[in-house]
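Working notes for the structure below.
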Amino acid sequence: MATITSQKISLLQSLRGQDTLGIAISEEKDILQLKMGLFKVQRLVTLATAVKAKHLREVTQNLGEEEVLKILVLVIKCFVDSVKVKNKISPFEMIELAQHLLAEYFAETLEDFILAFKEAKFSGQNFYQSLGTEEIMGIVGKYLNKKAEYLEEESRLKYKNKLDDIDFASWAEETKNNPLVKEAMLQMAEIGGGDKHKIKMKHISQKYENLAYNPELIQKQEKIEKLQGEIYQLKNQLKAKNQ
């Protein structure tokens, strides 16, 4: 079974020798092979794969700006061509938008934009006979808000699982002569040794030579992560609003 990586490589090979403007102004029949290549990638993209893919910055460093622009223009064009509206973004505006995405959203992935437009297409969203830059940036902003929520939840679960995996008995036995450990164990006894979610430990060395411990840091860390997610969403909303 083909993987998303192999499908991306195949698409990139198909784009070699193509011209960015030529892709934007082409009739559907002239770039049908390219569209089919993109659809194969799109079929395999999920939020989980999108967030783990290489950022646009890294992809650009590896492939070159022009090659990445080709892909972004193709992604935008395929979406625009699939929407049945009268007033659509022009080919030159597609290129301008692709350049903007590459410059301003370099920390996102190609898969992010592929998935954003895929979800918009099948969501039943009504564009009221107009699909311009403003509407497309609205799609991007909505998707990035969803992505931020996903990352926030993923971070919370990873942190929770990390605490759950700690073998407190073995850790305490191994480090029982460390005065910081003794203090930690006393605090654990006060809050209840089974309540692992209230414990924050930081290993400075493999043998836990130094231990920074404070039960209150858990709550502080959760608040910080939540705030970071809210700031991320706000930035994307402001970017979309100012387009």
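Within the 3.5 Å criterion, the main-chain N or O of Leu151 finds no donor-acceptor partner in the side chain of Ser155. With hydrogens and angles ignored, the 3.5 Å screen pairs a side-chain donor or acceptor of Glu135 with a backbone N or O of Gly132. Gln18 contributes no side-chain N or O that, together with a main-chain N or O of Leu15, makes up a donor-acceptor pair within less than 3.5 Å.
Grouping the Ile, Leu, Val, Met, Phe, Trp and Tyr side chains by contacts below 4.5 angstrom, directly or via other members, places Phe39 apart from Ile71. Neither Ile23 nor Leu32 shares a network with the other; the hydrophobic side chains, linked directly or stepwise wherever heavy atoms of I, L, V, M, F, W or Y lie under 4.5 Å apart, form separate groups for each. Residues Met36 and Leu38 fall into different hydrophobic clusters, defined by Ile, Leu, Val, Met, Phe, Trp and Tyr side chains chained together at heavy-atom separations under 4.5 Å. In the hydrophobic clustering of this structure, Leu63 does not group with Phe106; members are Ile, Leu, Val, Met, Phe, Trp, Tyr whose side-chain heavy atoms approach within less than 4.5 Å, directly or through other members.
Annotation: Glu96, atom CD; neighbour count of heavy atoms from other residues, nucleotides and ligands within 6.0 Å does not exceed 12. The 12-atom threshold is not exceeded at CZ of Phe92, counting heavy atoms of other residues, nucleotides or ligands nearer than 6.0 Å. Annotation for Glu66: atom CD counts as buried by contact number, over 12 foreign heavy atoms lying within 6.0 Å.
A distance of 8.5 Å separates NZ in Lys77 from NZ in Lys88, rounded to the nearest 0.5 Å. Considering CE of Met137 and CD of Glu104, their distance stands at 8.5 Å, rounded to 0.5 Å. The distance from the CD1 atom of Ile31 to the SG atom of Cys78 is 6.0 Å, given to the nearest 0.5 Å. In this structure, the separation between CD on Gln33 and OG on Ser14 is 4.5 Å, given to the nearest 0.5 Å. Separating the CD1 atom in Ile76 from the CD1 atom in Ile139 is a distance of 10.5 Å, to the nearest 0.5 Å. Thr20 OG1 to Met94 CE: the interatomic distance, rounded to the nearest 0.5 Å, is 13.0 Å.
Closest approach of Val73 to Ala24, counting heavy atoms only: CG1-CB, 3.9 Å. Contact detail for Gln42 and Lys118: the closest heavy-atom pair is O-NZ, 3.1 Å. Taking all atoms of both residues into account, the shortest heavy-atom contact from Ser26 to Asp30 is CB-CB, 4.3 Å. Here the closest heavy-atom approach between residue Thr109 and residue Ala53 is recorded as CG2-O, 3.4 Å. Contact record, Lys52 with Glu154: CE-OE2, 4.5 Å, taken as the closest heavy-atom pair. Looking at every heavy atom in both residues, Ile25 comes nearest to Pro91 through CG2-CB, 3.5 Å.
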Audit row: Asp112, Leu56, side-chain contact (heavy atoms from CB on, under 4.5 Å) steps and yes/no: CA-CA 10 Å; Asp112 280 328; Leu56 284 179; over 6 Å; no
Yes or no on side-chain contact (heavy atoms from CB on, under 4.5 Å) for Asp81 and Lys35, after CA distance, side-chain angles and deciding distance? CA-CA 11 Å; Asp81 287 351; Lys35 285 191 171 185; 2.9 Å; yes
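The aromatic rings of Phe79 and Phe117 lie parallel to each other, with less than 30° between the two planes, well short of the 60° mark.
Counting only heavy atoms from C-beta outward, the side chains of Ile95 and Gln99 approach each other to under 4.5 Å. Counting only heavy atoms from C-beta outward, the side chains of Lys54 and Asn62 approach each other to under 4.5 Å. The shortest side-chain heavy-atom distance between Thr49 and Leu115 does not fall under the 4.5 Å cut-off. Side-chain contact check for Ile136 versus Leu131: some heavy-atom pair is nearer than 4.5 Å. Annotation: side chain of Leu72 is in contact with side chain of Leu110 (closest heavy-atom distance under 4.5 Å). Between Thr133 and His100, the closest side-chain pair of non-hydrogen atoms is not below 4.5 Å.
In summary, Glu67 and Lys70 engage in a salt bridge, as defined by a charged side-chain N under 4.0 Å from a carboxylate O. We find that Glu119 and Lys142 are not joined by a salt bridge, their nearest charged nitrogen and carboxylate oxygen being 4.0 Å or further apart.
Contacts of Tyr143 classified as ring pair (Phe, Tyr, Trp, His ring centres under 6.0 Å), with partners at least two apart in sequence or in another chain: none.
For the side chain to side chain contact (heavy atoms under 4.5 Å, CB included) test with Leu69, the passing option among Leu101, Thr60, Leu102, Leu74 is Leu102; the others fail.
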